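Letters A, B, ... mirror the listed sequences (proteins, then strands); counts begin at 1. Since the structure is predicted, the reported quantities are computational estimates derived from the model, not experimental observations.
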Amino acid sequence: VTATKRWKGDAIEAAAAAQGIALAPGRAERLAHGQQALLEASAADRLRASLAFEAEPAGFLLAIERCKTG
Amino acid sequence: MSDPALLSLAQAARAVRERRVSPAELLEACQARISLWQPRINAFVAREPSPTHRAGGPLSGVPLAHKDMFYRAGRVSNCGAKIRRGWVAGETSAALERLDAAGAVQIGSLNMSEFAYGPTGHNEHFGDCRNPWNRDYIAGGSSSGSGAAVAARLVYGALGSDTGGSVRLPAAACGVSGLKTTWGRVSRYGAMPLAASLDTIGPLARTAGDCALILDAIAGHDPRDPLSARESVPEHAALLDRPPSFKVALSSAWIERHADPEVAAAVLAAAGVMRASGATLAEVDAPDFDTLSAHCLVVMQAEASAQHAQWMRERPGDYSSVVRARLEAGYAIPATTYLEVLRLRAAWLERFCSETLAGADFYLVPAVAVRIPTLAETGPQGGADMPRLLAEVTRLSRWVNYLGVPALVVPCGFDSRGLPIAAQLVGRPFAEATLLAAGHAFQRATDWHQRIPA
């Protein structure tokens with residue numbers, strides 16, 4: 001797993017501002033802490049390393065079809 | 001007949017068909033209980049002044065009410081939000097159309113978390129919904145009114161939506177049965193969206209059999225929902241009485257280690273009941289709940305924040321502080337992370353079906369790993385421990401939405417404070433019939449679902 005740069009409050013604020021969103025006052029640092037933990041938990045996924053290059057989001061629909069019978 | 005409001009949906013529908021009770025008598029019985037309970041639990045946000053129904057369907061004359069996010073043309077759908085307060089829908093949702101066709105009577109709209117984006121049932125715009133077993137405790141969310149109204153026997157069943165646990169959490173907290181359907185099984189047309197890749201619609205009712213009756217009415221392809229599945233729909237209610245020789249996968253060691261001891265004891269006892277009824281149990285490694293839950297949250301945050309982007313730009317002050325904060329978080333999800341998580345989804349579903357379920361019919365796990373918390377602990381003033389507690393409440397629900405599979409929640413006990421405990425049966429895509437039959441068999445062997453809050 002590649003180490004990710006830590007989110008800071010000002011980066012969260014800038015990301016939101018770039019999308020036209022103003023954060024509530026005093027919220028940025030707390031959001032940064034929460035998002036850091038969430039993105040680290042997601043990035044720790046062991047299956048990432050074996051994810052096929054060709055895998056695409058819509059492949060999930062085919063997986064549902066394949067998995068529906070035991 | 002003793003109080004008809006205490007019948008199950010199946011019993012009430014049969015009583016109407018056999019003319020042992022009239023729809024008017026059912027309505028009157030429910031309205032009497034609503035008058036008694038509404039001031040205590042705030043389950044309803046609106047009551048239908050003159051309910052009508054189509055005579056002759058399988059649910060003919062049975063009073064239901066639904067989460068206030070299922071649109072009906074010409075009627076208000078507030079979605080638990082200040083922004084949508086008084087908004088009048090231009091179309092009727094597919095789920096309501098189908099219930100109308102089945103003869104059900106909609107007698108009102110039910111409280112919910114703001115925009116279905118909260119797991120507890122707090123709502124600063126319409127008032128918190130409270131747990132009928134103890135008003136100090138959460139009803140669970142986001143279909144809070146659906147869980148509370150069914151538990152208090154104000155209606156025979158209710159629709160909810162489930163994006164990260166919003167059918168199952170209130171069903172568990174309130175001690176009723178709740179079915180999270182396979183993604184695509186029930187049309188979302190005319191229902192308020194939260195996160196399209198995760199959103200599902202399902203019933204909350206007094207028994208698994210009652211859930212089957214509602215599912216039979218609402219399931220099936222709908223061309224107006226682009227993600228609606230074309231899979232054929234079995235008659236779930238007709239399949240309830242299959243022999244209870246289910247193969248059940250579970251992870252007892254995980255449950256004993258991670259769940260509250262009272263929850264663990266009740267769910268493992270439920271497994272024992274299933275075995276005594278003819279099921280075979282197989283111990284398996286627990287799925288990676290925390291990774292799957294994080295993936296679910298990445299998808300939910302990104303999609304919900306995109307859905308709300310315009311209002312978040314134009315009127316952020318009209319959201320509650322808590323929901324605004326949840327939406328703000330979504331603007332910091334990198335698009336590449338969001339898409340990578342969606343690319344991983346197929347592999348995780350296949351792993352769950354081949355390794356966790358393997359040859360089993362379903363995976364048994366608690367609906368909620370902790371005991372149901374109080375409104376105060378989980379509300380805006382909940383303090384520093386509140387985020388951790390909310391994460392515990394949703395730990396065993398979100399992973400199911402990421403996988404897109406169905407899950408049935410059934411009550412399986414009460415904790416030492418008198419709050420319900422629930423088991424969750426998680427199956428393969430479109431295995432609702434198996435889950436409902438297993439829940440039905442469990443409820444024939446137990447009476448947890450028959451307990452009624454005083």
Side-chain angles (χ1 to χ4, degrees), chain A, chain B residues 182-184 197 227 229 231 247 288 290-295 297-298 301 305-306 309-310 312-314 316-317 321 324-325 327-334 337-354 357-361 387 403-405 428-431 434:
Chain A
V1 175
T2 308
T4 52
K5 192 172 178 177
R6 298 198 73 77
W7 278 99
K8 302 283 189 196
D10 55 356
I12 297 276
E13 209 149 25
Q19 297 166 78
I21 306 296
L23 301 186
R27 185 73 57 67
E29 279 306 328
R30 220 174 69 196
L31 284 179
H33 180 75
Q35 289 313 83
Q36 184 68 35
L38 172 62
L39 295 173
E40 280 180 0
S42 180
D45 184 347
R46 293 166 287 112
L47 284 190
R48 279 183 186 226
S50 56
L51 180 63
F53 176 74
E54 291 79 8
E56 58 166 301
F60 181 63
L61 296 168
L62 299 178
I64 289 178
E65 193 63 26
R66 283 194 295 273
C67 291
K68 71 184 180 191
T69 52
Chain B
T182 304
W183 185 63
S197 297
L227 295 171
E231 182 74 11
K247 292 180 182 170
D288 189 349
D290 295 339
T291 297
L292 298 175
S293 190
H295 287 347
L297 206 48
V298 164
Q301 286 189 356
S305 297
Q310 182 142 347
M312 282 291 284
R313 292 184 190 111
E314 294 174 353
S321 175
R324 182 178 174 185
L327 289 168
E328 287 173 342
Y331 300 104
I333 299 290
T337 299
Y338 166 71
L339 288 167
E340 193 172 11
V341 162
L342 288 179
R343 290 175 63 225
L344 284 159
R345 205 177 180 195
W348 274 110
L349 173 59
E350 287 176 340
R351 174 173 282 213
F352 171 70
C353 291
S354 64
L357 286 179
D361 292 301
L403 297 180
V405 293
R428 293 173 184 280
F430 303 109
T434 299

With a 4.5 angstrom heavy-atom cut-off, is it the side chain or the backbone of [X] that approaches chain A, or both, or neither?
| X | result |
| --- | --- |
| B:Glu314 | neither |
| B:Ser321 | both |
| B:Leu403 | backbone |
| B:Asp288 | side chain |
| B:Pro387 | neither |

Provide the full list of salt bridge (Lys or Arg N to Asp or Glu O under 4.0 Å) pairs with a residue in residues 52-62 of chain A, sequence neighbours left out, each pair given once.
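Non-adjacent pairs meeting salt bridge (Lys or Arg N to Asp or Glu O under 4.0 Å): zero.
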Is any side-chain heavy atom of [X] closer than 4.5 Å to a side-chain heavy atom of [Y]?
| X | Y | result |
| --- | --- | --- |
| B:Glu350 | A:Arg66 | yes |
| B:Arg343 | A:Arg48 | no |
| A:Leu39 | B:Pro334 | yes |
| A:Ile64 | B:Glu231 | no |

Side chain B:Trp183, main chain B:Ser197, donor-acceptor under 3.5 Å
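Yes, because the side chain of B:Trp183 sits within donor-acceptor range (under 3.5 Å) of the backbone of B:Ser197.
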Quick check on A:Leu62 against chain B: is it the side chain, the backbone, both or neither that has a heavy atom closer than 4.5 Å?
neither
Let me know if A:Arg46 has heavy atoms under 4.5 Å from chain B in its side chain, its backbone, both or neither.
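The answer is the side chain of A:Arg46.
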Would you mind telling me which of B:Thr182, B:Asp361, B:Leu357 makes a side chain to side chain contact (heavy atoms under 4.5 Å, CB included) with B:Arg428?
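Among B:Thr182, B:Asp361, B:Leu357, the one meeting side chain to side chain contact (heavy atoms under 4.5 Å, CB included) with B:Arg428 is B:Leu357.
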Could you pull out the closest heavy-atom pair between B:Val341 and A:Ser42, with the gap in Å?
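So the two residues come closest at CG2-OG, 3.4 Å.
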Looking only at heavy atoms, what is the nearest atom pair of B:Tyr331 and A:Gln19, with distance?
O-NE2, 2.9 Å
Determine the option with the most heavy-atom pairs under 4.5 angstrom with chain A, choosing from [options].
| options | value |
| --- | --- |
| B:Leu297, B:Leu227, B:Leu292, B:Thr337 | B:Leu297 |
| B:Ala325, B:Gly404, B:Pro316, B:Ser305 | B:Ala325 |
| B:Leu342, B:Asp290, B:Leu349, B:Ile333 | B:Leu349 |
| B:Gly359, B:Ala229, B:Ala294 | B:Ala294 |

Geometric cation-pi criterion, B:Arg351 with B:Trp348: 6.0 Å, 45°:
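Yes; both conditions hold, so B:Arg351 lies above the ring face of B:Trp348.
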Top contributor to chain B contacts, counting heavy-atom pairs under 4.5 Å, from A:Leu31, A:Leu61, A:Leu51:
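That would be A:Leu51.
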Non-hydrogen contacts under 4.5 angstrom with chain B: give the residues of residues 21-30 of chain A involved, or none if there are none.
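Residues of residues 21-30 of chain A touching chain B at under 4.5 Å: A:Ile21, A:Ala22, A:Leu23, A:Ala24, A:Arg27.
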Could you tell me which residues satisfy side chain to side chain donor-acceptor pair (under 3.5 Å) with B:Thr434, sequence neighbours excluded, listed by chain and number?
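Side chain to side chain donor-acceptor pair (under 3.5 Å) check on B:Thr434 returns B:Arg242.
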Show the atom names and distances, to 0.1 Å, of all donor-acceptor pairs under 3.5 Å that link a side chain in residues 7-16 of chain A to residues at least two apart or in another chain.
none

